[in-house]
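Notes follow the structure.
Keep in mind that this is a model prediction, so the values were computed, not measured.
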Amino acid sequence: MEPKSDGWTLVIVGFWNRMIFSPKWVGEGVFQKEELEILVPLSPTIPLVLRDEHLSLQVSDRRLILAPRLGFLRGMEDAEQKALRILERLPETPVSAVGVNFSFLESSPSESLLRLFNHDDDSQLESLRWRIEERTISRKLIQEDSVFNLTLRLDPESQVELRANFDMQVDSAQKAKEILRGKSRACYSQFIEALSSAYQLHVQEQETVECQQPA
């Protein structure tokens, strides 16, 4: 089971003033470096992207998305620290939710895992000459004030993607800051525990720490 690079993100939902996120403001106050790569959007509806070799920050009116470019779990913890700096510098911003997301790909799923995707209506659908291209299983799990959305997707190549979305509702930037601190590692541990307990899937820590994500 390998980490899937495009599924590791930290999201902060709120009402963001894109004009604040100038290269100078983000570079000095968030990334704490002088130079950043900037991807300027051609439309105001497309997110502004600022990034270095380790992390990208997407800025839109309704959400910030921080995505590791190097490393996985360490990259998520780096994203967490930068998100905390943003919340610290913009304490009056209305923030409504924090999301922590992970994704793995199992390229050689076991028979027991594949059997989960067999449903009673398969034969009826196929009798109508429809080919089932993909299959998805979703679970919404609740624990205290956190929601854990777990999704398993079987693709046409018989690979299984396992995605976790931890969704935490908040009512302020201060509350987001409180709930976010240390959350990446805690959510990751809960996801790994669920994969191990429910599906007998395991991942070596090295896989999630050292793998480099694409540019």
Side-chain angles (χ1 to χ4, degrees), residues 1-13 39 41-43 45-47 49 51 56 58 60 62-73 75-76 79 97-143 146-169 184 187-204 206-215:
M1 188 171 65
E2 298 180 351
K4 200 166 179 289
S5 62
D6 61 354
W8 293 61
T9 59
L10 191 155
V11 181
I12 308 176
V13 180
L39 305 183
L42 299 177
S43 165
T45 61
I46 299 175
V49 178
R51 66 188 189 182
S56 75
Q58 297 181 35
S60 63
R62 293 303 306 272
R63 66 187 62 224
L64 304 179
I65 302 177
L66 297 99
R69 302 182 71 205
L70 182 66
F72 286 92
L73 183 53
M76 288 293 288
V98 173
V100 180
N101 306 297
F102 306 97
S103 179
F104 285 98
L105 185 66
E106 176 56 66
S107 57
S108 300
S110 65
E111 287 298 321
S112 60
L113 183 59
L114 291 174
R115 279 198 298 271
L116 296 175
F117 295 91
N118 295 330
H119 301 292
D120 292 340
D121 60 352
D122 285 354
S123 58
Q124 288 90 335
L125 293 171
E126 290 171 345
S127 70
L128 299 173
R129 298 187 299 280
W130 291 104
R131 183 178 74 255
I132 301 174
E133 186 76 6
E134 295 184 356
R135 301 165 187 258
T136 303
I137 301 170
S138 298
R139 298 285 189 271
K140 183 176 182 178
L141 309 172
I142 308 293
Q143 187 178 92
S146 293
V147 175
F148 174 15
N149 296 299
L150 175 63
T151 303
L152 285 71
R153 183 180 69 89
L154 179 64
D155 68 20
E157 286 74 42
S158 296
Q159 301 178 111
V160 177
E161 181 182 3
L162 305 107
R163 283 184 173 266
N165 161 245
F166 290 86
D167 181 24
M168 294 149 281
Q169 301 298 304
S184 296
C187 290
Y188 170 79
S189 296
Q190 290 176 315
F191 183 31
I192 294 303
E193 181 182 25
L195 296 182
S196 174
S197 177
Y199 309 112
Q200 292 74 55
L201 292 171
H202 305 280
V203 59
Q204 295 180 359
Q206 187 72 13
E207 290 179 320
T208 65
V209 172
E210 301 297 341
C211 294
Q212 183 168 351
Q213 303 202 32

Distance from [X] atom [atom1] to [Y] atom [atom2], nearest 0.5 Å?
X: Ile65; Y: Gln58; atom1: CD1; atom2: CD; result: 4.5 Å
X: Asn118; Y: Ser123; atom1: CG; atom2: OG; result: 11.0 Å
X: Phe72; Y: Ser5; atom1: CZ; atom2: OG; result: 5.5 Å
X: Phe102; Y: Ile192; atom1: CZ; atom2: CD1; result: 8.5 Å
X: Ile12; Y: Leu64; atom1: CD1; atom2: CG; result: 5.5 Å

- request: Sequence neighbours left out, what pairs pass ring-ring contact (aromatic ring centres under 6.0 Å, His included) with at least one residue falling in residues 123-143?
  value: none
- prompt: Lys140 and Ile142: side-chain contact (heavy atoms from CB on, under 4.5 Å), yes or no, with the steps?
  reply: CA-CA 7 Å; Lys140 183 176 182 178; Ile142 308 293; 4.1 Å; yes
- prompt: Would you say the side chain of Ile137 lies within less than 4.5 Å of the side chain of Arg135, judging by non-hydrogen atoms?
  reply: no
Can you give me the closest heavy-atom contact between [X] and [Y], atom names plus distance?
X: Leu10; Y: Ala79; value: CD1-C, 4.3 Å
X: Glu106; Y: Leu113; value: CG-CD2, 4.4 Å
X: Glu126; Y: Ile132; value: OE2-CD1, 4.0 Å
X: Met168; Y: Ser146; value: CG-OG, 3.6 Å
X: His119; Y: Leu116; value: CE1-O, 3.7 Å
X: Ser184; Y: Val100; value: CA-CG1, 4.4 Å

task: Could you check Gln169 against Val147 for side-chain contact (heavy atoms from CB on, under 4.5 Å), going step by step and ending with a plain yes or no?
output: CA-CA 9 Å; Gln169 301 298 304; Val147 175; over 6 Å; no
- line: The side-chain hydrogen bond (donor to acceptor under 3.5 Å, both in side chains) partners of Ser60 (sequence neighbours excluded) come to none
Pairing residues for Gln200 by the side-chain hydrogen bond (donor to acceptor under 3.5 Å, both in side chains) criterion, not counting sequence neighbours: none
Please output the side-chain donor-acceptor pairs of residues 154-162 that fall under 3.5 Å, not counting sequence neighbours, one pair per line with the distance.
from	atom 1	to	atom 2	distance (Å)
Asp155	OD1	Glu157	N	2.9
Asp155	OD1	Ser158	N	3.1
Asp155	OD1	Gln159	N	2.9
Asp155	OD2	Gln159	NE2	3.2
Glu161	OE1	Arg153	NE	3.2
Glu161	OE1	Arg153	NH2	3.1
Glu161	OE2	Ser103	OG	3.1
Glu161	OE2	Arg163	NE	2.4
Glu161	OE2	Arg163	NH2	3.0

message: Which label fits Phe104 and Trp8: parallel for a plane angle under 30°, tilted from 30 to 60°, or perpendicular past 60°?
response: perpendicular
- prompt: Can you name the ring-ring contact (aromatic ring centres under 6.0 Å, His included) partners of Phe148, sequence neighbours left out?
  reply: Phe166
Within 6.0 angstrom of Glu133 CD, more than 12 heavy atoms from elsewhere: yes
message: Holding to side-chain contact (heavy atoms from CB on, under 4.5 Å), I want the full list of residues that pass it with Ser197, two or more places apart in sequence or in another chain.
response: none
